[in-house]
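Counting starts at 1 for both ligands and their atoms, in listed order.
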Amino acid sequence: MRAMAATASWDIFCRVVDNFGDVGVSWRLARMAAREQGKRVRLFIDDLTVLGKLRPEIDAARDIQKLEGVEVIRIRDPFDSLEVADAVIETFGCDPPAEYVAAMAAREPRPRWINLEYLSAEEWVEGSHALPSPHPRLPLVKHFFFPGFTPKTGGLLREHSLLARRDEFQADEGARAAFWKSIVGEVPPQDALKVSVFSYAGAPIEGLARCAANSGGPTWFIAPEGYAAMALDAWRLTARARDSIRCFTMPFLPQDRYDQLLWACDVNFVRGEDSFVRAQWAARPFAWHIYPQEEGAHWVKLSAFLARYTSGLDRSQAGAVASLWDAWNRGADEGAAEALRPSLADAWAQVVARRESLTEHARWWSAALATRRDLAAELADFVDNVL
Ligand code: TRH
């Protein structure tokens with residue numbers, strides 16, 4: 001029995017906890033819902049300065065503005081945008097303002113209410129995806145929507161044209177040269193290994209630079225502003241820097257340009273959630289610096305993904321990837337740096353030696369993920385045809 005009409009308007013709520021991912025994911029979903037799913041989208045954010053880092057067109061001083069078909073509105077207190085949309089998407093359990101939730105309960109028909117959860121490759125996600133959660137007091141039901149890597153989850157954010165644009169860029173030497181000139185003012189030599197680095201504090205960046213320096217071949221490290229850039233700048237100033245290693249640090253790139261950096265590099269070090277997914281769409285070998293959680297809970301999450309990602313690899317390839325990720329994430333552990341060196345150096349050498357086959361695998365992995373509908377389409381189908 002299908003009672004409710006398809007949704008025309010979506011209100012998406014995002015509160016910045018820390019870092020950029022919450023906004024990165026929320027903006028990406030909002031843009032896709034407007035451009036690809038034909039929804040009238042309002043994106044409510046409490047801190048516009050963070051969105052302004054990813055989208056320099058955003059004016060953080062303005063309360064309301066439009067960008068790429070999305071109305072971007074600052075969450076104000078008291079909250080006065082009480083015209084409720086057909087579907088309400090809160091990201092990462094950020095709770096829409098109480099006034100708005102009260103208006104949702106008074107709306108006829110009731111809006112569809114979704115909580116977009118964090119991405120995980122763990123098996124329990126399948127059992128939690130799409131589960132209802134009745135509001136304790138109000139006549140409202142919220143549904144959990146889990147991104148994921150398997151058919152029993154909500155899938156991943158992937159713009160319709162993304163992979164075609166990636167392939168075009170990766171096949172076009174002129175476009176890549178123009179990109180490099182635009183971000184570092186020169187084009188890398190053919191034999192240079194190009195490595196992008198986006199990490200949390202504590203990643204053994206210096207150790208990695210040293211490994212690359214000892215491996216002899218020319219390596220370019222590229223790091224947009226952040227921990228990695230600071231560590232590379234510090235390392236560059238030490239005596240240990242070598243001519244074979246070039247370090248480029250730069251301001252934060254607009255979100256779509258960051259995609260091009262991932263496409264243009266040979267190996268990408270990424271973190272969190274959104275850059276982690278973008279690295280997979282880039283079809284290049286990558287290492288994931290996972291957001292550290294209490295009691296090491298992040299290790300479970302990391303190995304759950306590694307088990308899926310390396311399942312198509314042979315033992316030595318899987319071992320190389322797993323050792324690099326282990327050394328990269330262990331880097332933050334107290335006093336690990338010293339003990340880590342051998343394993344990081346060995347793991348990096350193993351990965352570089354297998355770069356071609358790991359790149360093939362990355363391309364296969366991206367293609368396998370892309371056989372599924374993207375998350376925005378899955379979500380639209382869920383709210384329009386299931387709820
Ligand atoms: O910034 P993050 O560490 O965010 C994370 C995630 O939100 C994670 O879920 C949460 O648990 C943790 O914070 C607290 O990493 P993430 O998810 O990769 O988001 C970074 C965003 O920044 C992504 O959208 C890509 C974008 N970006 C740019 O636009 N330009 C850049 O130069 C770089 C490096 C990133």
Side-chain angles (χ1 to χ4, degrees), residues 12-32 43 45-58 67-68 90-94 115-122 125 145-148 156-159 162 179 182-184 195-203 205 221-232 248-265 268-282 286-294 297-302 305 328-329 332 375:
I12 300 176
F13 286 88
C14 171
R15 292 185 196 274
V16 180
V17 180
D18 58 6
N19 302 317
F20 305 96
D22 305 354
V23 169
V25 167
S26 305
W27 166 254
R28 215 178 273 296
L29 173 62
R31 182 173 69 167
M32 291 173 72
L43 174 60
I45 295 190
D46 56 355
D47 182 351
L48 288 172
T49 60
V50 180
L51 181 59
K53 293 284 279 186
L54 280 64
R55 296 306 307 252
E57 309 93 317
I58 287 286
L67 182 63
E68 295 200 72
E90 66 173 281
T91 59
F92 313 120
C94 72
N115 178 24
L116 178 68
E117 280 287 349
Y118 285 107
L119 171 65
S120 175
E122 293 162 279
V125 165
F145 197 88
F146 282 82
L156 301 169
L157 289 170
R158 182 187 76 249
E159 294 82 356
L162 181 71
F179 173 75
S182 72
I183 61 165
V184 297
V195 180
S196 82
V197 193
F198 178 46
S199 74
Y200 296 115
I205 309 263
F221 286 108
I222 303 95
E225 157 206 324
Y227 298 110
M230 288 190 284
L232 279 175
F248 298 94
T249 58
M250 65 199 60
F252 216 64
L253 294 167
Q255 208 182 31
D256 296 338
R257 299 267 286 160
Y258 179 61
D259 274 329
Q260 292 182 314
L261 177 65
L262 297 175
W263 302 345
C265 285
N268 294 305
F269 287 79
V270 291
R271 73 184 207 190
E273 179 162 334
D274 192 57
S275 61
F276 163 58
V277 173
R278 304 315 279 187
Q280 295 172 59
W281 295 134
F286 71 101
W288 182 24
H289 199 203
I290 192 169
Y291 187 74
Q293 292 171 294
E294 267 142 40
H298 54 288
W299 288 105
V300 177
K301 200 171 166 181
L302 188 89
F305 177 79
W328 194 242
N329 283 278
L375 183 144

ask   = Does some side-chain heavy atom of L119 sit less than 4.5 Å from a side-chain heavy atom of L156?
value = yes
key: Shortest non-hydrogen contact between I222 and M250, atoms and distance   = CG2-CE, 3.3 Å
inquiry  = Testing the basics here: between P224 and F252, what is the closest heavy-atom pair and its distance to 0.1 Å?
reply    = CB-CA, 4.3 Å
ask   = How close does the nearest protein non-hydrogen atom get to atom 23 (C) of ligand 1, and which residue and atom is it?
value = D274 OD2, 3.2 Å
message = Any heavy-atom pair between the side chains of Q293 and V300 that's under 4.5 Å?
response = no
For atom 21 (C) of ligand 1, closest protein heavy-atom neighbour = F20 CB, 3.7 Å
key: Heavy-atom check, side chain of I12 versus side chain of L116, under 4.5 Å   = no
request  = Take every heavy atom of Y200, measure it against each atom of ligand 1, and state whether any distance is under 4.0 Å.
outcome  = yes
request  = Report the part of Y291 (side chain from C-beta onward, or backbone N, CA, C, O) that has a heavy atom under 4.0 Å from ligand 1; answer both or neither where that applies.
outcome  = side chain
query = Who's the nearest protein heavy-atom neighbour of atom 13 (O) of ligand 1, and how far?
reply = N19 ND2, 3.4 Å
query = Can you find an N or O of P254 that's nearer than 3.5 Å to an N or O of ligand 1?
reply = no
Atoms in ligand 1 with a heavy atom of L54 nearer than 4.0 Å = 24 (O), 29 (O)
inquiry  = Starting from atom 10 (C) of ligand 1, what is the nearest protein heavy atom, named by residue and atom, and what distance separates them?
reply    = Y118 CE2, 4.1 Å
request  = Give, for atom CG of L43 and atom CZ of R31, the distance between the pair rounded to the nearest 0.5 Å.
outcome  = 12.0 Å
task = Enumerate the atoms of ligand 1 whose separation from the nearest heavy atom of G24 is less than 4.0 angstrom.
result = 24 (O)
query = Are a donor atom and an acceptor atom from the side chains of Y258 and D274 found within less than 3.5 Å of each other?
reply = no
ask   = For ligand 1, does P224 get within less than 4.0 Å through its side chain, its backbone, both, or neither, judged by non-hydrogen atoms?
value = side chain
task = Could you name the option among L253, V270, I222 that has the heavy atom nearest to atom 32 (O) of ligand 1?
result = L253
message = Centroid separation under 6.0 Å, is that true for the rings of Y118 and F92?
response = yes
note = The protein heavy atom nearest to atom 4 (O) of ligand 1 is G21 N, 2.9 Å
request  = For the pair W299 and N329, evaluate side chain to side chain contact (heavy atoms under 4.5 Å, CB included) and give the outcome as yes or no after the intermediate values.
outcome  = CA-CA 9 Å; W299 288 105; N329 283 278; 3.5 Å; yes
ask   = Strictly under 4.0 Å, does any heavy atom of D18 approach an atom of ligand 1?
value = yes
note = Within 4.0 Å of some non-hydrogen atom of D22, the atoms of ligand 1 are 7 (O)
query = Between E68 and R28, does at least one N-O distance fall below 4.0 Å, as a salt bridge requires?
reply = no
message = I45 vs V50, test: side chain to side chain contact (heavy atoms under 4.5 Å, CB included). Steps then yes/no.
response = CA-CA 9 Å; I45 295 190; V50 180; over 6 Å; no
ask   = Counting only heavy atoms, which portion of F92 has something under 4.0 Å from ligand 1: side chain, backbone, both, or neither?
value = neither
request  = Give the residue, atom name and distance (to 0.1 Å) of the protein heavy atom nearest atom 18 (O) of ligand 1.
outcome  = S275 OG, 2.6 Å
query = Between F252 and ligand 1, which residue portion shows a heavy-atom distance shorter than 4.0 Å: side chain, backbone, both, or neither?
reply = both
request  = Please determine if R271 has a nitrogen or oxygen closer than 3.5 Å to a nitrogen or oxygen of ligand 1.
outcome  = yes
